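Input: a single structure, listed below in structure tokens.
Bear in mind the structure is a predicted one, so any value in this text is a computation, not a measurement. When a residue number appears, it is its place in the shown sequence, counting from 1.
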Amino acid sequence: MSQFVGAAPLSVEVSSFRAPFDATDADLIIHTSDDAKFAVHKIFLTVASPLLRRFLLSGASSPCPPFEGLVLKHNGNQAIIKLEEDAQTTERVLQFCYPFSNPVLSNLNDVQAVLEMMRKFGMKGLMNRVKGSLMQQAFLDDQPLRVFAIAYRYGLEDEARIAAKYTVRQPFFTPYVEELEHIPASVYHRLLQYHRKCSVATCSLTADFSWFPSFASRWVWFQCDDCVHHSLSWPLSDGKIYEVNAWFIEFMERARNVLRERPCSRVIADPFLIAECLEAASGCHTCRPAAFLDLSVFIGEHFVLEIERAIDTVELDIPF
């Protein structure tokens, strides 16, 4: 972390700077809004940012383009600029500019701050390097709506589409996140529509068994004649119509309820959801020994995959 100096006149002294931003032959000194200093080589910044290159070459009298909050001065052969960004964000962006460093961004606030500074200075190439930090699995699992909004804001289409798929793992209406302030309401509305369409697509699997594998009739809930059967019968892919044990239909109805709110495969593997139907099956001497294995195969090898396929058929209708 860079060391901070007091509110003093701009100086080219670099002895207190942390490597690699302490080079005595640096030709650019950067001062941040919180009075930190970085001694850097222009070449790295001008390669990373064509806009900064034009700015530094144009001189203070005619910046091109004009950057809000950016002040340029000269001290001999050394340029000095004052930024409105803070030291932490500036240091991380500078680390991305230097070819031998790869900073770790541990939270989404840091990712967003770095992306915003890079966008301001036209560092499109470096923004691509930040994608990996944005798409950390922990962020996608815990904060997918924030990841989606950040990705959309900065034009990262592939990342936004991936994050959208993770948003369906959460309830339809999730708590407000401030990143929504930076995307159009129409985009958020279309994301909610996507969630709803995924619900419809996955819920339909619980009422239509034609997608079951060809050997499905061997599962115990189709074979057992000792249990109470549901009042309706279901056709399978073999073209025949089968009676089905009531406890299995109750499982599918409970699965439909959770898929309606969170249309993703992980919800139907919830042990509590499975335990209820197994408890009902345990009352039957025919179903008891086979129900757990048959249901595990059905969920793990078929239902989960079919849910993922159903979600893949839903289009995310958002313009980028």
Subject >> Thr206 and Arg256 side chains, donor-acceptor separation under 3.5 Å >> reply: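 There is such a pair between these side chains.
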**OP:** Answer with yes or no whether the side chains of Arg153 and Gln112 bring together a donor and an acceptor at under 3.5 Å.
**Re:**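 Yes.
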**OP:** Check the surroundings of atom CZ in Arg190: do more than 12 heavy atoms from other residues, nucleotides or ligands lie under 6.0 Å from it?
**Re:**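 Enclosed.
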**OP:** May I ask you to check whether over 12 heavy atoms, not counting those of Glu157, lie within 6.0 Å of atom CD?
**Re:**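 Yes, because the 6.0 Å sphere around CD of Glu157 holds more than 12 heavy atoms from other groups.
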Original post:
For His302, which of Trp211, Phe215, Phe212 qualifies under ring pair (Phe, Tyr, Trp, His ring centres under 6.0 Å)?
Top reply: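 When Trp211, Phe215, Phe212 are each tested with His302, the ring pair (Phe, Tyr, Trp, His ring centres under 6.0 Å) holds only for Phe215.
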Original post:
Trp234 pairs by ring pair (Phe, Tyr, Trp, His ring centres under 6.0 Å) with which of Phe222, Tyr242, Trp221, Phe209?
Top reply: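 Output: one option passes, namely Phe209.
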Original post:
Does some side-chain heavy atom of Asp86 sit less than 4.5 Å from a side-chain heavy atom of Thr32?
Top reply: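 A side-chain contact under 4.5 Å is absent here.
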Subject >> Sub-4.5 Å side-chain heavy-atom contact between Leu51 and Phe121 >> reply: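 Result no, sub-4.5 Å side-chain heavy-atom pair not found.
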Would you confirm whether [X], through its side chain, and [Y], through its main-chain N or O, come within 3.5 Å as a donor-acceptor pair?
{"X": "Thr46", "Y": "Ile43", "answer": "yes"}
{"X": "Ser33", "Y": "Glu84", "answer": "yes"}
{"X": "Arg129", "Y": "Phe96", "answer": "yes"}
{"X": "Asn245", "Y": "Phe248", "answer": "no"}

Original post:
Any Lys/Arg nitrogen of Lys120 or Glu116 sitting under 4.0 Å from an Asp/Glu carboxylate oxygen of the other?
Top reply: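 Glu116 and Lys120: not salt-bridged.
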